[in-house]
Chemist: 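First the structure, then my questions, so here it is.
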There are 2 protein chains.
Amino acid sequence: MRHYRIPDETVKRLPVYLRGAVLLLKDGKKSLSSGELAGFIGASPAQIRKDFSYFGAFGTRGVGYDTPKLIKQISKILKLNKRHKAVLVGIGNLGTAIMVYTGFSIYGFSIEAAFDNDAKKIGKKINGITIEDIAKLRTIRAKKIQIAILAVTSGQAQRVAESLVNNGIKGILNFSPCRLEVPKNIKVISIDIALDMARLPYYMPKT
Amino acid sequence: MRHYRIPDETVKRLPVYLRGAVLLLKDGKKSLSSGELAGFIGASPAQIRKDFSYFGAFGTRGVGYDTPKLIKQISKILKLNKRHKAVLVGIGNLGTAIMVYTGFSIYGFSIEAAFDNDAKKIGKKINGITIEDIAKLRTIRAKKIQIAILAVTSGQAQRVAESLVNNGIKGILNFSPCRLEVPKNIKVISIDIALDMARLPYYMPKT
DNA sequence: AAGCTTTTGTGAATGAGAACACAAGGTTAA
DNA sequence: TTAACCTTGTGTTCTCATTCACAAAAGCTT
Ligand SMILES: NC(=O)c1ccc[n+]([C@@H]2O[C@H](COP(=O)([O-])OP(=O)(O)OC[C@H]3O[C@@H](n4cnc5c(N)ncnc54)[C@H](O)[C@@H]3O)[C@@H](O)[C@H]2O)c1
Ligand SMILES: NC(=O)c1ccc[n+]([C@@H]2O[C@H](COP(=O)([O-])OP(=O)(O)OC[C@H]3O[C@@H](n4cnc5c(N)ncnc54)[C@H](O)[C@@H]3O)[C@@H](O)[C@H]2O)c1
């Protein structure tokens, strides 16, 4: 617990550990060793312990980790210990799928607002949320929403991202296959599905 | 051109370079320097040249790269120089979005078959493809499909993955938040949207 | 309470990837 | 042809991440 820089790679793994711990707790495991967790998620025990060590020592030697306590610790590190409101922009094919997806809630995310610019979509209600006109985006500030999921057409992504930032958004999950230019205190995480898929043939055997 | 192991990180970047080159060619750039490409996609020129160097020398000193030739070269390395047929399994919310998504085609992928196990969905036609009963999955072998996109419920992902492998699939793009156990000659690339999103709060400023 | 067992936490060693820096090779112009 | 000028390709260096390996700490047993 006297390290300075925390590797990005470590931060990427923490959510994996968190989900593993949550699932194992649900399975009745009140206590957990680095070896058990490693086996469950497919990692090495040393890696797990090293990653944790950047943030302090929260296990018990000879025993392992208290599962609920571990979950709390990782959640706290990732700032997932309180719920996060998110806004979804672009309620097209992908946006609609995301809107009804329940998998975000285990990390404490909830979609609290949805926007589009298509008149045919505005006013429609999906999963309890009414789709609003993008022109009214500024209302997200009053709702204290700081996270956005961006699923608009690629060509619109940059300008919408800028609007989002201007309205108080601090983090963006971007699905468009393009680079977003944002102030450097804003975090963008991009998921580019086709890009990932493009690697598949490289690894596939000849025949 | 006498390197042995090619870093995975390099393979991850190649599709980015490829798309960059394609877009710049469309923009009229018949020739390209590593610096120009780097600026366009947000990378370093040295990184780009080093990555290319693993596969040989296909630029011209003092000039740069011939864009169409570069595109051909990268495509060939990634085995994207011929079209790849893909099967989509699980035509739920996400599966439907993927089915109508056009972004795969620039890399040469086309979805040629779709399967579900929900009687209400079987027989429906989306984007020219009829959704078939998962029980008929074996037909993909005759169609020589080797790539699968897996968008079924998490609990079903493992068993469906096994079926896919048993029917000749060599590469799987998996959207379920779970680890798939497959023979090691089968390549799985997983996209876990909630997991990526879970990192966002960590990087967001306090206030 | 002493010894045995287990598993953590972490320095040290190893390994891998990114950045640097420049010679090699090619173009252009005169 | 020669000189000035670019940009590639790559050996070297440096930085960062993973793995190793073990002392330290806790529980359990007798
Ligand atoms: N569908 C997929 O499976 C998939 C996969 C990977 C990436 N993507 C990417 O995700 C994005 C969305 O894909 P999609 O398939 O849902 O496209 P889509 O065309 O179905 O949806 C885009 C939505 O954004 C809305 N929109 C456009 N401009 C807007 C603006 N300025 N303000 C507010 N709303 C706006 C449109 O009205 C539409 O509802 C695209 O960038 C696409 O490349 C999609
Ligand atoms: N919707 C999203 O935005 C989203 C985001 C991230 C991850 N995911 C993941 O993607 C997967 C699909 O998500 P979804 O939202 O589309 O779920 P969904 O329930 O809408 O769709 C699942 C589909 O799979 C089909 N299916 C189930 N078992 C099957 C089987 N054995 N054989 C064939 N088909 C089968 C179902 O009939 C259904 O049509 C899930 O694992 C989910 O966790 C979804």
Chemist: With a 4.0 Å cutoff (strictly under), does any side-chain N or O of A/Arg49 reach OP1 or OP2 of C/dT8?
Modeler: yes
Chemist: Round to a whole Å and report the spacing from CG of B/Leu70 to P of D/dT7.
Modeler: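 It works out to 16 Å between those atoms.
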Chemist: Without decimals, in angstroms, what is the distance between A/Glu36 CD and C/dT6 P?
Modeler: 13 Å
Chemist: What is the distance from CD1 of A/Ile6 to P of D/dA17, rounded to the nearest Å?
Modeler: 11 Å
Chemist: Base, sugar-phosphate alone, or nothing: which one does B/Tyr65 contact when heavy atoms must sit under 4.0 Å apart?
Modeler: sugar-phosphate
Chemist: Going by the rule salt bridge (Lys or Arg N to Asp or Glu O under 4.0 Å), which residues pair with A/Arg13 if we only count those two or more places apart in sequence or in a different chain?
Modeler: A/Asp51
Chemist: C/dG17 phosphate, OP1 or OP2: any side-chain N/O from B/Gln47 under 4.0 angstrom?
Modeler: no
Chemist: Expressed as a whole number of angstroms, how long is the span from A/Phe58:CZ to C/dT7:P?
Modeler: 18 Å
Chemist: Taking 4.0 Å as the cut-off, does a side-chain nitrogen or oxygen of B/Arg13 come that near to OP1 or OP2 on C/dA18?
Modeler: yes
Chemist: Take A/Asp51 and A/Val63, find for each the nucleotide of DNA chain D with the closest heavy atom, and name the residue whose nucleotide sits nearer the 5' end.
Modeler: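 Its nucleotide being nearer the 5' end, the pick is A/Asp51.
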Chemist: What contact category does B/Ser44 fall into here, base, sugar-phosphate, or nothing, at under 4.0 angstrom with non-hydrogen atoms?
Modeler: sugar-phosphate
Chemist: May I ask you to evaluate whether B/Thr60 reaches the phosphate of D/dT8, defined as a side-chain N or O under 4.0 Å from OP1 or OP2?
Modeler: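 No, outside the criterion.
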Chemist: Using whole Å, what does the distance between atom C1' of nucleotide C/dA18 and atom CG of B/Asp8 come to?
Modeler: 16 Å
Chemist: B/Glu9 has an atom CD; how far is it from atom P of D/dA17, in whole Å?
Modeler: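 Atom-to-atom, B/Glu9 to D/dA17, this comes out as 11 Å.
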Chemist: Heavy atoms only, 4.0 Å cut-off, all strands: where does A/Thr10 land among base, sugar-phosphate and nothing?
Modeler: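 Nothing, no heavy atom under 4.0 Å.
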Chemist: Hey, are the side chains of A/Phe58 and A/Ile77 touching, using non-hydrogen atoms and a 4.5 Å cut-off?
Modeler: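 Yes, side chains in contact.
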Chemist: Quick one: is D/dT7 close enough that its OP1 or OP2 comes under 4.0 Å of any side-chain N or O from B/Ser34?
Modeler: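 For D/dT7, neither OP1 nor OP2 has a side-chain N or O of B/Ser34 closer than 4.0 Å.
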Chemist: Output yes when at least one side-chain N/O atom of B/Arg5 is less than 4.0 Å from OP1 or OP2 of C/dG15, else no.
Modeler: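 Answer is no, no contact under 4.0 Å.
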Chemist: Take atom NZ of A/Lys50 and atom C1' of D/dA17, then tell me their distance rounded to the nearest Å.
Modeler: 10 Å
Chemist: Minimum heavy-atom separation for B/Arg179 and A/Gly39, please, with both atom names.
Modeler: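 Minimum heavy-atom contact is NH2-O, 3.2 Å.
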